[in-house]
Amino acid sequence: MLKRFFYLLYFTIFCCSCANRGGDESLGKIPEVVDYNFHVRPILSDKCFACHGPDANKRAANLRLDIEEGAFASLKDHEHKHALVTGKPEASEVYLRMITEDSTLMMPPVTSNLKLSSHEKKLIKRWIEQGAQYKPHWAFVAPEKSDLPKVSKEDWCLNEIDHFILNKLDEKKILPNARAAKTQLLKRVFFDLTGLPPTVEAQKAFEQDNSPNAYENVVDELLASPHYGEKMALHWLDVARYADTHGYQDDGLRTMWPWRDWVIHAFNENYSFDQFLTWQLAGDLLPEKNVEALLATGFNRNHKITQEGGVIDEEYRIEYVTDRTNTFGKAFLGMTFECAKCHDHKYDPISQKDYFSTFAFFDKVPEKGLQGNIFKASLADPPFLEITDTMIDDILTFVNKEDPDNVSVMVMEDSVGIRDTHILDRGNYDAKSEVVVSDTPKAIMPFDTISLPRNRLGLSKWLLHDEHPLTSRVFVNRIWQEFFGQGIVKTSGDFGMQGNLPTHPELLDWIAVDFRENNWNIKRLVKQIVMSSTYMQSSTISKGKQERDPENVYLSRMPRKRLGAELIRDHVLASSGLLNDEIGGPSVKPYQPDGIWFAATSGRGVLKVYVQDQGEDLYRRGLYTFIKRTVPPPAMLTFDASTRDQCEVRRFSTNTPLQALVMLNDPTVLEASRVFAEKLLEKGMQSEKSIETAFRRIVCRKAKPEELSILIDYHSNQITNYQSNPDAASKFISVGEYQPMKNRDPVTVAALMQVIHTIYNLEEATTKS
Amino acid sequence: MEKEVLEHRLNVNRRHFLGKMALGVGSAALGSLLIPDLFKGGALENDELPLGIKHFASKAKRIIMLFQNGAPSQLESFDYKPLLNKMYGQDLPESIRQGQRLTGMTAHQERFPLVGSKFGFQQYGKSGTWVSDLFPKIAEITDDICVIKTMHTEAINHDPALTFMQTGAQQGNRPSMGAWMSYGLGSENKNLPAFCVLLSRGKGNGQGVYSKLWSNGFLDNIHQGVQFSASEDPVLYLNNPDGIDMKGRKKMLDHLASLNEINFQEFGDPKIHAHIQQYEMAYRMQTAVPELTDLSKEPDHIIKMYGTDCMVPGTYASNCLLARKLSESGVRFVQLYHQGWDQHGNLVEEMSSQAKDVDQASAALIKDLKQRGLLDETLVIWGGEFGRTNYCQGKLAEDQYGRDHHPKCYSIWMAGGGIKGGISYGETDEFGYNIIEDPVHVHDLQATIMHLMGLDHEKLTYKYLGRRFRLTDVHGHVVKDILA
Amino acid sequence: MVRFAKIVSNTVFVLLCILTILLFFEEYVRVPYWLQPIGRMHPLVLHFPVVLIFLLILTTFFKGYLGLDAYQKIHQFLLLFTALTTTLAAVMGFFLYQEGYDSELMTWHKWLGVGLAYMTYLFIFIHSTKGIYLTALYSCGVLTIFVGHFGAEITHGANFLTAPLVASRIPEITEESPIFETFVQPILNKKCVSCHNSEKHKGGLNMSTHSTMMIGGENGPLWIMGNSEESQLMVRALLPMADEAHMPPQGKLQLTTKELQLLERWIDSGADTLSSLANLPTTDSLHTLVQEEWYEKVGSKARHVFAPADKELIVSLNNPYRTVKQQSPKSPALEVAIFGQSAFQPALISELLGIKEQVVSLNLSGLPITDTMLQPISEMVNLETLNLNFTDVTHQGLAKLAACTKLRSLAISGTSVTADIHEVLNTFSDLQTLFLWNTSITADEVLELQSAFPKVQFDTGDNDVTEEKFQLAAPLLKNESAVLGKGDIIVLDHKLKGVKLRYTLDGSQPDSTSQLYNAPLQFDKTFVLKTKAFKTGWESSELGIFNFFQKGKKPEDFELLSKPDFRYKGLGPHVLLDDYISGQDKMISLAWMGFIEEPLIFMSDFGTNPPTLSKMMLSYGIVNWRKIMPPESVEVWGGYAKDQMKLIKRKAFGFTKDGIIDGASNVSVKFPQSNFRYYKIVANQFQKIPSWHQHKGKKSELFVDEVFFYE
């Protein structure tokens, strides 16, 4: 009798978890109309596709649920039974197996460790009742501009973005926050566009300027500032996994910094995104040779390179090409390509063949897996571009090179017919099978072999095609993320079935198309964002909003966000007046706790000990800090900086006690406090005034009286404290190599320094609110 | 006095948070200490087990991993192969090698002369476990340890093999074992990191380590391994600057707290309270860590037990002693790395000195845990990233030889929490080249370690970029036979 | 009768021949299927010889009673049948044996059996020869017992006899015990293993251990995880009884429906040998089944049966210094640990009263806990593990814990408890281990305790090392820099407490009589401090040698005219005048500059009114294995303008083997008093390292960390 049941064992199963949080779903309400893309697929994908999805090898019971045909076809061993029966949950095996109590029938099997919430069961049920309609994955359908939705308060909307945002808020019956206080807004836009705090002068000027376009003027100013490029570059360096060493165990020195200088240059010159992309992907293949474009291709050589003696050459060469392929997938397509290297993708329609066809684009480089070793360390493995002074004089003017010697940068180069690309079984370098030619995953968009060459140039043309569903969306979404702390698609690195769904799909599509239609103009896009009243909202969180929308999915307020690792440094240096705002050049080595490189080194190579830089170089911006991949700058790492180990499109923003320790004890912050204090004292300001100024420069607003009184009280308290203990004072102010102020009085300096140091440690000081 | 004042302040704050819990404000921050991932929105899914608590009852509460970086030779330590001495200088039969891939270092070698251990072997303990003369002290504790002779891995080079051992994947930036433990079980002592890393270097040929090995990967930063250094600053940025004492620091924190509080009134952002919390925890760390790193209170015979080196910061011995103290104070996962085991040549000399550095302290750690009643709840693991070849690399001299990397079999040992002491598990062939009985893959080891800690390696997952990641990827079986 | 006897004995003879041949050509023998039934009758037939042989023996005792004649008749008659049946049994046995039994046990059974057959045949002829015959017969009786026993073990599985005795020891079953071990395996043992074991593997299947089950038999593995339907085990068990392939075979003990269900669900739930009630969801049908049908009956109750504590309460009890955790999601038991000596308050313990019933494990090690603070603990009636290592408790304190009768493990290492603990111990009836290491309790006292409490295991730790003598580490110098001005102090230190530091300032070796260091030393001018650490019970330390340098005259400006090696730039030229000299251990540190290609050429400018100088000193490092050696020569140039410098002194330094000890050292050059504005210092490496050195002939490297100028 039990045996009869066992036949069922081979059918499909359903179960799931609520993928998108916040909003109705989280409140457990089943929407009137259940949408496949927005409600059902996340469930199926997350819990079912692993065994009943695109991966043919792993497909169980020959049942495929990611496509309509598969789901409605009659079941393998039971021709009258169907996984899905339109309108009839009770006849759909899918639903039956979903709700069964018996662990031996339940799907997914207990062994899968996946479970199904009652909410999700309900969703599936209603979806089937409503006809179990399949729709293509939203991200694979080319975006189209929809007309602006109606909103309750037209006047609130400063541009299109606001229409979409407000429309959603109306739906959810949430009111947007009021416009942010001027000071708040100024701090926000300064950090977002240049990564630097507004000077007191800038604050005052903006305060007084009541002209209608006061804010716009500031924005234009900032967009024109050379520091805009630095700020925008920061994120791109994460994407491009830029670093100053080769990575892997011995981790020798490399010179990719001229490429970094190019990125800054490109953003400052506002290169259109299509040029930005084409040059980095295929600058070497352009019809007319172009040194600058060639330099740009360094993008694909930023991956790690081994120097460990005795490795197998091919194993690592494959590793490099793999890295390029995965980076390409994540950076431009927002797809988790890496999942398709060893087997067909479990969730997305990317077969292993697709993977290696894409792989083929990057596989034609005349390179070796191991170039010498750590002892005969090479700063740039071939192929490379040797930058001479003459080049710099006439073309590469932006490369900040002082050293008279030439500097070599790794770049891309194809030598046609150098090798065939094979599918590698289970992704193993030595398990070559079928040969493949360069191609892209059909499901995303077929590769038009007639009009496009089968090389990286063709690939970038493919990406930039008007019909391409992803390129524009993915980039726009990441820019959005950099400003609002969270992308419209939260998983900015995964637009596939498993990724989060866009919170504002129409908005995403609208800007994506708009961006493309306006020749991929990045500065324009950025301006569009910062000029929206959505962006200009205040960031206060009312009780109600905390409960209704804890994650601020609907942007009824501006998120408060801790500054990124590099920006914290920039802020500390800039506000204290220590910052050396030189742009570009070889990376620098500021203060770092003694011995941490040596503790980890194998004792080989020039980088086994950290030789700290001197003078001005100690005060460069964070993005110029030397990144040794095996031992990244500790303070930065503590503040969630990327390890530059592989392409990262999104940083965490965590909160740990170690961060507190850095702010409290890092000589950088202490020295800044000292120098700041000394500079103020040199001006001969009396303490109250100087505390006020310090607060204003660090927190970027006037201190409230109660705040001021606390600080002043603390200050006088410190004065008495240090008077009773003068040598503690002189010890305290001995920090840092920056020239101490002439004939200073330890006690006064120490006391003020202490107060300033406290201000630096305020939550608000390092928060963009 | 000073303490009380502080405590008062902290308590005030704490009460304040508990008061705020109604709004779900403080709770997030407070929770973040108990269950680190409560703090990150997406982490806790309804189909995941509660974090910060075991999946099932188990003996082990903490782990100390004595990682022998560079791959110590199994043939000179625990895998006794007299045949190799008999066949000294003869070639390794192709029938045994079966086309195993070679590293670039021996690929060019036209001969593979077998070479046996220059060091004698004896059987020890009730179990009669074979141990080489290089490890007299470890030999004394054989009845407490379980030697696994049949570990095998996939990579043949240090970086990938090491990364594989620690993160379950050869490439990519995955969370390290310790980070997984911290994520799965939380920290026992909230004033210390749940995952600590200690580095030391022997005189042998070294292979570097890298922070990726104790990275939190895609897990919350709070799970990252915290490196303890030999310098004056045991934890980076732990010490107050010159001229600031704890009292002064406390005063500053109090002012900070009240200023931040004002700001909270304006913005009502829970992050502000989390911030205050982290500063308090940092302060507590500043008091907790020195209590630990101060070895001066250790009784003489402890120091003799670990060897006098344990008084010299940064040595393996002192790291072992520190590891015990950290573990004793509730650090979930203490990870040691000891460099210098990469004996491609000059093996006899280098291995002697390496063993000398490591033998006594490793054994002492076990004895010390035992006499405090901690061994039952502490899991200790000793071993490297792969084994070494049974044939000589380079020229085979009278009493000097070297061994290349060998992923197909190597030996490690475990002791303590939930481990069956006094056994040796698995058998390799008489050439010490292939496994003939009970292989243990790295993923199996990881699965077993997690099982011993009360975690199901298939259930402890983290969803990142659409995929549920596990320490053991999609592999791994618990090695039941070595469980007590 | 005689005729009959002939026939029988001949039959036996024939059978024996067959047997002999069969045995001889064993490996070529293929038993035809129609003979198999005969083989399978072996278990039936074998009982005849067993009985008959014992009858034979029996008759010998009643010889007198029967009378010689009758005895001989009966005896001979029996003898014939014995021989016949024995041989028959042997032959049948051989056929059966061909069906795939193979093991040491089998070989024994086979050969002894055969031996028995030959013997019985022999008896027919020798039974009249008294002496030999009787001994032979009795030994034959003994033999029979063995053959029988081996036979039995093969059919019913090893230790068939002793099994019941072993079985009587039932292990404790908790909800953590694996379902496979505790419930599934017993069924298989009971119903399958008798035919599928290491001795006898019908169908090539051995079910004695999990691993062998996974190997499976001729028809593949026993089960497929998560798929009972295709699992041999279930398929066979569910076949109709009539079916050939049905298991267990007809006549054998069959599986009950409940047992079938258990196996089925266990396989379907993934056949995980480790899953236990504790880690199965309660809704899971396997869980329910086991819970209802097996667990309640077979297993004793879960170890912890008390009510769980309130979740909120648990959360609120967690604070930075105290961790309260559930043992496992299903268990009400709580584990508590308290940390932080400096922040400890008794409240941290007393607040636990809210969960006093649930706490099973409490860790208070290293905290300043006195007897009085143990009061709340006495109410934790379910406490099983208590760690009080290195606290201030005494046995009086422990006496308070009388109520904690479930205590299994108590750790009081490093406390001041004495042998008086004796009085307390009998209150803890369940106590299994007691950790007494590092207490005043002597070995003899432990022995007494041991005899008084045989159940308890006393762990006194590892103290045997204390006899050995170890060498102390050398004293440490606290001063950051070795460059001092008048009146600066020199501070020595040693990590080990109770160490005496002795030193000399005259360059002589310090010994146990030398000057004792008890306060920081005052510096006046350049000297070398030699010091050693002493402590009773330890070997005196290695020699610590520290050079101290007097601050020199500082030039107003300076520059480096030669290039240091690009790896060893240190912090730049200024390190040569930063009054900082660090030890050799930091040779690669930033305070040093390394010169490999070029010599050190250093130009210093003493400004418009220069001081009078007559001596310069160079502090350098030695690392033999790295070719880092002293300078071969040092030149001092003087002049009033940079472009017109003249050599005022050149000094070459010869070095002897024993002069080259790794570490920091220095050379000084005296030159005629002068007050030039500029002084140029040139320090050259050895072009060829002297022949006695391991790197002989190579160029040496020069590592410098300070340059001094003196009046």
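To find a chain, count down the sequence lines: A is the first, B the second, and so on, and within it residues start at 1.
- Looking only at side-chain heavy atoms (C-beta outward), A:T643 and B:K212 stay at 4.5 Å or farther from each other.
- The part of A:Y316 that comes within reach of chain B is its side chain, from C-beta onward, which places non-hydrogen atoms under 4.5 angstrom from that chain.
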TODO: Could you go through the side-chain contact (heavy atoms from CB on, under 4.5 Å) check for B:H255 and A:D713 one step at a time?
DONE: CA-CA 10 Å; B:H255 284 84; A:D713 151 78; 3.5 Å; yes
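- For the atom pair CD (A:Q184) and CZ (B:F267), the distance works out to 4.5 Å, reported to the nearest 0.5 Å.
- In this structure, the separation between CG on B:N239 and CG on A:L661 is 9.5 Å, given to the nearest 0.5 Å.
- Contact of A:Q646 with chain B is made through the side chain alone, with heavy-atom distances under 4.5 Å.
- B:I272 contributes atom CD1, which lies 7.5 Å from atom CD of A:E764 (distance to the nearest 0.5 angstrom).
- Listed for the A:E308 side chain is a donor-acceptor partner under 3.5 Å among the backbone atoms of B:D159.
- For a residue to count as touching a neighbouring chain, one of its non-hydrogen atoms must lie under 4.5 Å from one of that chain's; by this rule B:H405 touches chain A with the side chain only.
- Residues A:I312 and B:I156 have side chains in contact (heavy-atom distance under 4.5 Å, counting atoms from C-beta outward).
- For a residue to count as touching a neighbouring chain, one of its non-hydrogen atoms must lie under 4.5 Å from one of that chain's; by this rule A:K628 does not touch chain B.
- Qualifying side-chain hydrogen bond (donor to acceptor under 3.5 Å, both in side chains) partners for B:K251, counting only residues two or more places apart in sequence or in other chains: none.
- Counting heavy atoms from C-beta outward, A:D46 and B:R468 have side chains that approach closer than 4.5 Å.
- No other option in A:L637, A:D348, A:T601 has as many heavy-atom pairs under 4.5 Å with chain B as A:T601.
- Between B:Q277 and A:N655, every side-chain heavy-atom pair lies at or beyond the 4.5 Å cut-off.
- A:V662 touches chain B through backbone and side chain together, each having a heavy atom under 4.5 Å away.
- Interface check for chain B: of the options A:G309, A:A600, A:S734, A:S730, the most heavy-atom pairs under 4.5 Å are formed by A:A600.
- Between chain A and the options B:Q286, B:H275, B:H344, heavy-atom pairs under 4.5 Å are most frequent for B:H275.
- With a threshold of 4.5 angstrom between heavy atoms, B:Y337 does not approach chain A through any atom at all.
- Only the side chain of A:S769 has a heavy atom closer than 4.5 Å to any heavy atom of chain B.
- Contacts of A:D640 with chain B are made by both backbone and side-chain atoms, with heavy-atom separations under 4.5 Å.
- Interface remark: A:N717 contributes side-chain atoms only to the contact with chain B (heavy atom separation under 4.5 Å).
- For A:K304, the part lying under 4.5 angstrom from a heavy atom of chain B is the side chain only.
- Using a 4.5 Å cut-off on side-chain heavy atoms (C-beta onward), B:Y279 and A:L664 make contact.
- Contacts between A:T336 and chain B at a heavy-atom distance below 4.5 Å involve the side chain alone, from C-beta outward.
- Counting only heavy atoms from C-beta outward, the side chains of A:T758 and B:L256 approach each other to under 4.5 Å.
- Rounding to the nearest 0.5 Å gives a distance of 10.5 Å between OH of A:Y248 and CG of B:N157.
- Here A:T656 contributes atom OG1 and B:M285 contributes atom CE; the two are 8.5 Å apart, rounded to the nearest 0.5 Å.
- B:G268 and A:I541 make their closest contact through O-CB, 4.0 Å (heavy atoms, listed as atom of the first residue, atom of the second, distance).
- For A:L711, the part sitting under 4.5 Å from any heavy atom of chain B is the side chain, from C-beta outward, and nothing else.
- Put simply, of B:Q227, B:E266, B:R249, B:E458, the one with the most heavy-atom pairs under 4.5 Å next to chain A is B:R249.
- Contacts between residues 196-205 of chain B and chain A, counted as heavy-atom pairs separated by less than 4.5 Å, involve B:L199, B:R201, B:N205.
- Distance alone, capped at 3.5 Å, places no donor-acceptor pair between the B:T103 side chain and the A:V311 backbone.
- Only the side chain of A:Y347 has a heavy atom closer than 4.5 Å to any heavy atom of chain B.
- When each of B:N216, B:L219, B:N221 is tested with A:T654 by the rule side chain to side chain contact (heavy atoms under 4.5 Å, CB included), just one qualifies, namely B:N221.
- There is no contact between B:D233 and chain A, counting heavy-atom distances below 4.5 Å.
- Only the side chain of A:L670 comes within contact range of chain B, with at least one heavy atom under 4.5 Å from a heavy atom of that chain.
- Proximity to chain B is limited to the side chain of A:K330, based on heavy atoms less than 4.5 angstrom apart.
- Rounding to the nearest 0.5 angstrom, the gap separating the CZ atom in A:R560 from the CG atom in B:D269 is 4.5 Å.
- Counting heavy atoms from C-beta on, the side chains of B:D220 and A:F652 never come closer than 4.5 Å.
- For the set A:A750, A:A635, A:C339, A:A729, the entry with the most heavy-atom pairs within less than 4.5 Å of chain B is A:A635.
- At a 4.5 Å heavy-atom cutoff, the contact between A:L658 and chain B is made by side-chain atoms alone.
- The side-chain heavy atoms of B:P270 and A:Q546, taken from C-beta on, include a pair separated by under 4.5 Å.
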Task: Step-by-step side-chain contact (heavy atoms from CB on, under 4.5 Å) determination, B:M252 to A:Y714 - done: CA-CA 8 Å; B:M252 176 185 183; A:Y714 183 42; 3.3 Å; yes
